[in-house]
Enquirer: 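So that we are looking at the same thing, I have put the structure below in structure tokens.
These values consider heavy atoms only, across backbone and side chains, with no hydrogens, waters or symmetry-generated copies. Residue numbers count from 1 along this sequence.
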Amino acid sequence: MSRSGVVVADESLKAFNELKLGKKYKFILFELNPSKTEIVVKETSTSTDYDEFLSKLPENDSLYAVYDFEYEISGEGKRSKIIFFAWSPDTAPIRSKMVYASSKDALRKALNGVASDIQGTDYSEVSYETILKKVSSAV
């Protein structure tokens, strides 16, 4: 449970494990349920189009996401890392940003196997190039 009292729904952990172990999804979007007590799956996708993933990040609201990021290092071949996104744009309501910020640890601690954390407040912070630079420098 997080500082905000929010818990991670079982379905959220199940979906994450299906992404991590079963490679069933390319990305998962998580949100708080309407009563702000549980982190639930908003959407899953098998699309490998990173721009499609970015288009799912709301302009004016917060959410969490996990993305199975594939990239290539010359001479070493393809790699894959699971990235955790805490998306909280500057235009999101203050209350939403506060609840998501205080609930993030509950979800983050439950997701074993995440390679990198990204805090995004605008699209430049979550661009493909930015993420590629972060994951390839962590090698």
Enquirer: Please give me the minimum heavy-atom distance between Tyr64 and Lys104, naming the atom from each residue.
Expert: OH-N, 3.3 Å
Enquirer: Measuring from atom NZ of Lys81 to atom CG of Leu132, what distance do you get when rounded to the nearest 0.5 angstrom?
Expert: 10.5 Å
Enquirer: Can you list everything that forms a side-chain hydrogen bond (donor to acceptor under 3.5 Å, both in side chains) with Glu11? Sequence neighbours excluded, please.
Expert: none
Enquirer: Does Glu125 reach the side chain of Trp87, with side-chain heavy atoms less than 4.5 Å apart?
Expert: no
Enquirer: Check whether Tyr123 and Phe69 end up in the same hydrophobic cluster, where Ile, Leu, Val, Met, Phe, Trp and Tyr are linked by side-chain heavy atoms less than 4.5 Å apart.
Expert: yes
Enquirer: Would you confirm whether Tyr71, through its side chain, and Lys133, through its main-chain N or O, come within 3.5 Å as a donor-acceptor pair?
Expert: no
Enquirer: Same cluster or not: are Val40 and Leu13 linked, directly or through other Ile, Leu, Val, Met, Phe, Trp or Tyr residues, by side-chain heavy atoms under 4.5 angstrom apart?
Expert: no
Enquirer: Give the cluster check for Met98 versus Phe85: same hydrophobic cluster or not, with ILVMFWY residues linked at side-chain heavy-atom distances below 4.5 Å.
Expert: no
Enquirer: How close do Asp61 and Pro89 get, counting heavy atoms only, and between which atoms?
Expert: O-CD, 3.2 Å
Enquirer: Run Phe16 and Ile82 through side chain to side chain contact (heavy atoms under 4.5 Å, CB included) and show every step you take.
Expert: CA-CA 10 Å; Phe16 175 74; Ile82 298 174; 3.9 Å; yes
Enquirer: Can you name the nearest heavy-atom pair linking Ile118 to Val126, along with the distance?
Expert: CG2-CG1, 3.9 Å
Enquirer: Counting C-beta onward and ignoring hydrogens, is there a side-chain heavy-atom pair between Ser124 and Thr130 closer than 4.5 Å?
Expert: no
Enquirer: Indicate yes or no for a side-chain donor-acceptor contact from Lys97 to the backbone of Ser62 under 3.5 Å, with no hydrogens or angles considered.
Expert: no
Enquirer: Looking at residues at least two apart in the chain, or sitting in another chain, which of them share a side-chain hydrogen bond (donor to acceptor under 3.5 Å, both in side chains) with Asp49?
Expert: none
Enquirer: Report the distance from atom CZ of Arg108 to atom CG of Asp117, rounding to the nearest 0.5 Å.
Expert: 4.0 Å
Enquirer: List the atom of Gly113, the atom of Lys20, and the distance in Å for their closest heavy-atom pair.
Expert: CA-CD, 4.3 Å
Enquirer: Has Ser45 got a side-chain atom pairing as donor or acceptor with Phe53's backbone, closer than 3.5 angstrom?
Expert: no
Enquirer: Are Tyr67 and Tyr50 an aromatic pair, judged by ring center distance below 6.0 Å?
Expert: yes
Enquirer: Determine the minimum heavy-atom distance between Lys56 and Leu29, stating which atoms define it.
Expert: CB-CD1, 3.5 Å
Enquirer: Looking at Ser103 and Ile39, what are the two nearest heavy atoms and their distance?
Expert: O-CD1, 3.8 Å
Enquirer: Roughly how far apart are Thr46 OG1 and Lys23 NZ, rounded to 0.5 Å?
Expert: 14.0 Å
Enquirer: Nearest 0.5 angstrom please: Asn17 CG to Asn112 CG, how far?
Expert: 8.5 Å
Enquirer: Taking atom OG of Ser47 and atom CD of Glu52, what is their separation to the nearest 0.5 Å?
Expert: 3.5 Å
Enquirer: Drop me the distance from Glu18's CD to Lys24's NZ, to the nearest 0.5 angstrom.
Expert: 4.0 Å
Enquirer: Examine distances only and state if a side-chain atom of Tyr100 and a backbone atom of Leu32 form a donor-acceptor pair shorter than 3.5 Å.
Expert: yes
Enquirer: Does any part of the side chain of Val66, heavy atoms only, come nearer than 4.5 Å to the side chain of Phe30, both counted from C-beta?
Expert: yes
